[in-house]
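Note that this is a predicted model, so its numbers are computed, not measured. A note on names: the letters A, B, ... follow the listed sequences, proteins ahead of strands, and every chain is numbered from 1.
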There are 2 protein chains.
Amino acid sequence: MLACMNTAQASLTIGAVAKRVGVAIDTIRYYEREGLLPEPLRRASGYRSYDEGAVRQLRFIRRAKDLGFTLEEIRDLLALSADRHRGVKAVKQRAQQRLAVIEERIAELTRVRDGLAQMIESCPGHGSPEQCPILRALVADESAV
Amino acid sequence: MLACMNTAQASLTIGAVAKRVGVAIDTIRYYEREGLLPEPLRRASGYRSYDEGAVRQLRFIRRAKDLGFTLEEIRDLLALSADRHRGVKAVKQRAQQRLAVIEERIAELTRVRDGLAQMIESCPGHGSPEQCPILRALVADESAV
DNA sequence: ATAAACCTTAGACCTTGATCTAGAGTCAAG
DNA sequence: CTTGACTCTAGATCAAGGTCTAAGGTTTAT
């Protein structure tokens with residue numbers, strides 16, 4: 001841990017990796033079972049032994065997951081990275097598909113927000129329920145959320 | 001909740017409702033169990049008997065779900081319309097809370113979109129994985145699979 | 001040298017949001 | 001009146017993405 005600035009074999013335990021990436025130990029073993037992380041080296045005792053590359057790969061998985069990829073899709077992305085030439089194109093395409101889905105969702109939510117905001121604005125906040133645009137939209141109209 | 005002066009009690013079977021809304025029969029019963037749909041009237045035989053209000057409410061649930069709300073959130077959203085007796089004021093407050101949640105969700109998704117869009121933009125879409133920012137986090141070391 | 005803290009496995013369990021099954025009753029058309 | 005489509009219930013099952021347990025073995029710090 002001291003002067004180990006050196007490249008490859010940091011030999012981290014699973015707990016150390018979990019702590020560094022901010023993920024549960026069980027999750028790391030789960031990803032390994034699911035083929036998202038390669039099987040690591042083992043110490044004589046059987047303990048898993050990770051290096052910086054594993055930390056990077058785990059971070060990649062988490063980032064991809066945060067971007068809305070399913071584990072299945074991430075496994076796919078990782079497999080594609082093996083295809084050193086055509087892989088990049090496919091990865092970019094998939095990212096673009098993801099982006100389109102996310103943008104569509106943002107657009108929908110924005111429409112909903114605007115509708116709701118307008119309802120709130122035009123609701124007096126008192127009086128009879130029949131006059132409340134929020135209730136009218138929720139109960140009777142299709143264009144609410 | 002949806003007890004209105006509205007159109008006739010059409011007395012639809014669960015299957016008819018399912019067909020009209022485009023949802024499985026099981027899903028309707030599931031929503032009922034989960035408190036998203038009120039318990040419908042029953043025929044003498046025990047068959048559920050729905051009216052147009054139920055159809056509308058079910059459509060509302062599906063739309064909200066499509067927009068990424070959890071069933072829990074939808075139950076909450078529906079509670080807005082149940083608040084009639086506590087007054088328009090309470091309803092408006094709940095709507096405002098909901099608006100804040102939606103805006104937070106939009107902000108989150110926007111952050112995700114920006115991250116993804118930036119990666120895509122700086123990815124050439126061809127060449128070696130080393131040039132692809134989407135993969136670079138993963139392959140920074142040569143030991144990529 | 002002993003306790004605390006960590007690691008191993010297989011396998012059970014959790015949450016969400018449904019979907020399916022079995023065994024039974026009901027309804028509508030011919 | 002019979003047949004096939006429909007509905008009922010309770011409970012099992014699914015899929016994704018983990019999380020936890022039991023019953024150990026290993027390391028490390030005091």
Q: Decide yes or no on side-chain contact (heavy atoms from CB on, under 4.5 Å) for B/Glu39 and B/Arg48, but give the supporting numbers first.
A: CA-CA 8 Å; B/Glu39 295 198 4; B/Arg48 288 170 179 81; over 6 Å; no
Q) Expressed in angstrom and rounded to an integer, what is the separation of B/Tyr50 atom OH from D/dC6 atom C1'? A) 14 Å
Q. Which residue lies toward the 5' end of DNA chain C, B/Leu71 or A/Arg48, if each is placed at its nearest nucleotide?
A. A/Arg48
Q. In whole angstroms, how far is the C1' atom of C/dG17 from the CG atom of B/Leu36?
A. 11 Å
Q) Which heavy-atom pair separates A/Val17 from A/Tyr50 by the least distance, and what is that distance? A) CG2-CB, 3.6 Å
**Q.** Stepwise side-chain contact (heavy atoms from CB on, under 4.5 Å) test for A/Ile28 and A/Leu58
**A.** CA-CA 8 Å; A/Ile28 296 177; A/Leu58 184 51; 3.7 Å; yes
Q: Identify the heavy atoms of A/Arg75 and A/Gly35 that sit nearest to each other, and give their distance.
A: CG-O, 4.0 Å
Q) What nucleotide among D/dG18, C/dA18, C/dG17 has an atom nearest to a side-chain atom of A/Thr27? A) D/dG18
Q | Whole-Å distance separating the NZ atom of B/Lys65 from the P atom of C/dA18 | A | 4 Å
Q) Could you state the NZ-P distance from B/Lys19 to D/dT7, rounded to the nearest angstrom? A) 10 Å
Q) Considering all heavy atoms of both residues, which atom of B/Leu36 and which atom of B/Gln57 are nearest to each other, and what is their separation? A) O-NE2, 3.0 Å
(Q) Expressed as a whole number of angstroms, how long is the span from A/Glu32:CD to D/dG17:P? (A) 18 Å
Q) From the list D/dG18, C/dG17, C/dC7, which nucleotide is the closest neighbour of the side chain of A/Tyr30? A) D/dG18
Q.
Categorize B/Arg75 for me: base, sugar-phosphate, or nothing, with a 4.0 angstrom heavy-atom threshold over every strand shown.
A. nothing
**Q.** Separation of atom CG in B/Asp26 from atom P in D/dT9, rounded to whole Å
**A.** 12 Å
Q.
Checking A/Val23 against A/Tyr30 for the side-chain contact (heavy atoms from CB on, under 4.5 Å) test, could you report, in this order, the C-alpha distance in whole Å, the side-chain angles of both residues, the deciding distance, and whether it holds?
A. CA-CA 11 Å; A/Val23 85; A/Tyr30 172 69; over 6 Å; no
Q: Assign each of A/Arg33 and A/Thr13 to its nearest nucleotide of DNA chain C by heavy atoms, then name whichever residue's nucleotide is nearer the 5' end.
A: A/Thr13
Q: Classify the nucleic acid contact of B/Arg29 as base, sugar-phosphate or nothing, counting any heavy atom under 4.0 Å across all strands shown.
A: base
Write down the protein N/O and nucleotide N/O pairs, taken from nucleotides 26-30 of chain C, whose separation is under 3.5 Å; answer none if there are no such pairs.
unit_1: C/dT26; atom_1: O4'; unit_2: B/Tyr47; atom_2: OH; d: 3.3
unit_1: C/dT26; atom_1: O2; unit_2: B/Tyr47; atom_2: OH; d: 3.4
unit_1: C/dC27; atom_1: OP1; unit_2: B/Ser45; atom_2: OG; d: 3.2

Q: Could you state the atom-to-atom distance from CD1 of B/Ile25 to P of C/dA18 in whole Å?
A: 15 Å
Q) Whole Å only: how far is the CD atom of A/Glu72 from the C1' atom of D/dG18? A) 16 Å
Q: Test B/Arg62 against B/Lys65 for side-chain contact (heavy atoms from CB on, under 4.5 Å), laying out the working first.
A: CA-CA 5 Å; B/Arg62 295 306 291 192; B/Lys65 202 195 71 74; 3.8 Å; yes
Q. Which part of the nucleic acid, if any, lies within contact of B/Arg42, taking any heavy atom under 4.0 Å across all strands shown: a base, the sugar-phosphate backbone alone, or nothing?
A. sugar-phosphate
